Amino acid sequence: MKFMKLGSKSDSFQTDGNSIRYVATELATDITVNVGDIKFYLHKFPLLSKSAQLQKLVTTANGENGDEVDISDIPGGPSAFEICAKFCYGMTVTINAYNVVAARCAAEYLGMHETIEKGNLIYKIEVFLSSSIFRSWKDSIIVLQTTRSLLPLSEELKVISHCIDAIAAKACVDVSKVDWSYSYNRKNLPEANGTESNLNGLRNRSVPKDWWVEDLCELEIGLYKRVVITIRTKAILSDEVIGEALKAYAYRRLPGFSKGMIQSGQAAKYRSTVDTIVWLLPAERGSVSCSFLLKLLKAAIYADFGDTTKGQLIKKIGQQLEEASVNELLIRAGEGETMMYDVDSVKKMVEEFLMRDQIAEIESEEGHEVQETRKPGILSDASKLMVAKLIDGYLAEIAKDPNLPLLKFIELAEMVSGISRPAHDALYRAIDMYLKEHPGISKSERKRICKLMDCKKLSVDACMHAMQNDRLPLRVVVQVLFFEQVRVAASSGSSTPDLPKSIRDLNNGSQRSSRSTTTNTEEEWDAVATAEELKALKEEVASLRLANGRNGVDKAASNKLKGMLKSKKIFSKLWSSKGEKGEKSGSDSSESAGSANMEEAKSTPSRNRRHSVS
């Protein structure tokens with residue numbers, strides 16, 4: 001730390017109790033200076049020779065108290081006045097980064113200018129500031145911190161602006177020229193990892209571009225804002241470095257912010273800090289992480305920010321939504337909300353994410369030439385897939401909320417339905433979780449939510465689970481059954497079997513006259529098949545399995561699927577009952593009956609039509 005020593009005489013200031021200061025000398029004091037609760041018993045000559053204000057006060061004083069003046073409003077209080085008084089006596093006094101601003105403001109108040117005496121205190125302090133303090137990185141920061149308690153005079157004297165300029169200039173200097181100490185504890189240093197064997201490792205270690213961000217975290221938010229604005233104005237540092245500085249400040253100044261936990265009773269503090277950080281966020285996409293933006297949004301919701309600030313954050317998050325995780329998206333709903341999570345904010349994020357593609361497409365259509373190169377605003381297929389998987393996982397979590405309306409679940413799922421993904425297992429888990437937590441939904445609602453997934457894109461494990469899932473409508477179970485048979489046939493190298501008409505009718509939702517002239521679509525979707533339909537379905541499924549087996553289908557897979565069918569409640573009659581045609585229990589007789597029926601189905605197409613199932 002830089003310091004300046006003034007005067008050569010020994011310090012003879014004495015203390016009598018807590019409220020009296022005096023100079024130990026043979027000469028009797030002839031002036032009393034009151035500074036708050038402290039009385040200074042001093043001598044007029046050394047004081048008046050250097051202070052225009054004291055000259056004025058003594059001249060205007062009259063009566064019995066003519067030798068007593070009051071300067072309780074002096075900046076810096078008693079300690080700052082004592083520095084000025086010692087300077088007037090020529091006593092040794094030390095000026096450093098912690099007291100230089102108070103001394104400068106007190107000297108200004110006392111009028112200690114060059115017009116009163118050459119080499120006065122103001123001049124000496126100004127030289128010290130410009131030649132030492134403003135050239136030191138850490139001293140400049142310390143001085144800037146001390147200016148808060150001395151406003152507005154510290155601002156009028158341009159001490160604050162000079163400090164900010166000095167700090168910004170050093171922050172923007174080329175890292176190869178950084179040869180002063182700084183704080184950097186966010187990452188392990190090379191020598192801490194055993195990679196620096198040089199004894200001068202600290203001196204030889206390369207300086208990171210964001211070397212300055214931790215030291216600035218000591219500043220109050222108002223001063224910090226001014227420093228960052230000045231740094232950005234110089235347009236030397238990248239937006240990523242600015243973003244890292246904002247992140248470090250938030251983690252340091254907001255308790256619990258790094259863990260996404262906000263302490264109670266901190267709303268006012270969060271409001272001013274978060275509002276400033278959001279205002280300072282660089283416009284460039286990716287300058288800060290999506291995780292950091294989501295933490296800011298949670299803090300903004302907690303501090304009850306207006307829609308403008310939250311809207312800005314949601315827009316930025318949506319522009320890089322593929323970086324988010326499911327846990328980060330689980331934003332608690334505000335007070336008074338019945339739902340557990342803030343689903344509407346996530347919907348807005350997805351809208352903003354998809355908007356990037358729409359804007360890029362519009363710009364491409366307006367152009368005269370078609371460019372094959374991908375524009376920066378156009379989403380990659382990988383980004384879209386990541387967001388689709390993210391929302392699938394998010395749906396599975398919010399589905400556990402018993403107060404989540406079906407419409408919100410469906411709307412969010414449909415927003416990413418246009419994004420093709422290789423598997424729908426995560427979406428199936430989300431739908432199953434919703435059905436489990438909301439058993440009272442109607443048949444039409446059950447039908448609507450199940451339409452969100454594509455049964456052809458379920459994995460083997462998901463198919464096996466679905467075929468045992470009593471929460472799924474009949475049509476979905478049959479679709480899963482058939483497509484799993486097709487997959488088994490394809491994996492064995494055999495030809496893909498034709499879709500039996502009964503299952504095809506069930507898949508397509510066709511209407512039949514076997515039940516009634518007018519079929520209720522909702523009832524078809526969730527109804528249990530009649531005995532005749534179950535028998536027909538058994539014959540056709542068994543024949544399908546037998547046909548696949550003749551073409552080399554894996555017996556283990558076929559037997560596993562058959563076991564699943566046996567365990568499924570609605571298909572129990574297919575395998576356990578003795579049919580009207582005298583079928584025997586057991587896999588062999590069942591397969592034989594299925595084979596015979598398959599041959600009949602081939603020779604008599606009308607039979608399939610009679611036994612179709614919806």
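It should be emphasised that the depicted structure is a prediction, and the values quoted were computed from it without experimental measurement.
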Discussion item. Parallel, tilted or perpendicular: which one describes the rings of Phe409 and Tyr434, with boundaries at 30° and 60°?
Written reply: tilted
Worksheet item: Which residues pass the salt bridge (charged side-chain N to carboxylate O under 4.0 Å, His left out) test with Asp454, sequence neighbours left out?
Response: Lys456
Worksheet, complete the sentence: For Lys209 and Val241, the nearest pair of non-hydrogen atoms, with its separation, is O-CG1, 3.9 Å
Worksheet item: Is any NZ, NE, NH1 or NH2 atom of the basic residue among Asp239 and Arg232 found under 4.0 Å from an Asp or Glu carboxylate oxygen of the other?
Response: no
Worksheet item: Is any side-chain heavy atom of Tyr224 less than 4.5 Å from a side-chain heavy atom of Thr273?
Response: no
Item to complete: Check the pair Asp210 / Tyr184 against side chain to side chain donor-acceptor pair (under 3.5 Å), numbers first and verdict last.
Response: CA-CA 9 Å; Asp210 58 349; Tyr184 197 83; 3.0 Å; yes
Discussion item. Using only atom types and a distance under 3.5 Å, with no angle test, would you say the side chain of Tyr249 pairs donor to acceptor with the backbone of Ile221?
Written reply: yes
Practice prompt. Could you tell me which non-hydrogen atom of Gln320 sits nearest to which non-hydrogen atom of Ser289, and how far apart they are?
Written response: NE2-C, 3.6 Å
Practice prompt. Check the pair Lys408 / Asp344 against salt bridge (charged side-chain N to carboxylate O under 4.0 Å, His left out), numbers first and verdict last.
Written response: CA-CA 8 Å; Lys408 287 191 179 293; Asp344 290 333; 2.8 Å; yes
Worksheet item: Does a side-chain heavy-atom distance below 4.5 Å link Leu293 with Val288?
Response: yes
Discussion item. Just checking Lys389: does its NZ atom have more than 12 heavy atoms from other residues, nucleotides or ligands closer to it than 6.0 angstrom?
Written reply: no
Practice prompt. Test Arg446 against Leu435 for side chain to side chain contact (heavy atoms under 4.5 Å, CB included), laying out the working first.
Written response: CA-CA 8 Å; Arg446 196 177 297 267; Leu435 294 176; 3.9 Å; yes
Worksheet item: Quick one: are Leu404 and Glu437 in side-chain contact, heavy atoms under 4.5 Å?
Response: no
Worksheet item: To the nearest 0.5 Å, how far apart are CD in Gln312 and CH2 in Trp279?
Response: 11.0 Å
Worksheet item: Side chain of Arg332, backbone of Tyr341: donor and acceptor closer than 3.5 Å?
Response: no
Worksheet, complete the sentence: So CZ of Phe292 and OG of Ser287: to nearest 0.5 Å the spacing works out to 10.0 Å
Discussion item. I'd like to check the salt bridge (charged side-chain N to carboxylate O under 4.0 Å, His left out) partners of Lys400; sequence neighbours left out, ordered by chain and number.
Written reply: Glu397
Discussion item. When you compare the side chain of Leu481 with that of Cys463, does any pair of heavy atoms fall below 4.5 Å?
Written reply: no
Discussion item. Could you measure the distance from the CE atom of Met453 to the SG atom of Cys455? Nearest 0.5 Å is fine.
Written reply: 4.5 Å
Worksheet entry | Separation between NZ of Lys298 and CG of Leu329, rounded to the nearest 0.5 Å | 8.0 Å
Practice prompt. Might you point out which heavy atoms bring Ile317 and Met349 nearest each other, and give the distance in Å?
Written response: CG2-SD, 3.6 Å
Fill in: Heavy-atom closest pair, residues Ser291 and Glu328
OG-OE2, 2.8 Å
Fill in: CG on Asp381 to OG on Ser420, rounded to 0.5 Å
9.0 Å
Item to complete: First locate atom NZ of Lys316, then atom CD1 of Ile314, and finally report the distance between them rounded to the nearest 0.5 Å.
Response: 13.0 Å
Practice prompt. Could you pull out all residues at least two apart from Asp275 that satisfy salt bridge (charged side-chain N to carboxylate O under 4.0 Å, His left out)?
Written response: none
Fill in: Contact summary for Glu322 and Met386, nearest pair of heavy atoms
O-CE, 3.2 Å
Practice prompt. Report yes if the side chains of Lys310 and Leu297 come closer than 4.5 Å at any heavy-atom pair, otherwise no.
Written response: yes
Item to complete: With the side chain counted from C-beta on, respond yes when Leu281 and Leu296 share a heavy-atom pair under 4.5 Å apart, and no when they do not.
Response: yes
Worksheet item: Could Asp432 and Arg471 be called an ion pair, given the rule that one side-chain N must be under 4.0 Å from one carboxylate O?
Response: yes
Worksheet, complete the sentence: Heavy-atom nearest pair, Lys457 first then Asp425, reads O-OD1, 3.8 Å
Discussion item. Are the side chains of His438 and Leu406 in contact, using a 4.5 Å heavy-atom criterion?
Written reply: no
Discussion item. Contact between Leu472 and Cys450 at the side-chain level, heavy atoms closer than 4.5 Å - yes or no?
Written reply: yes
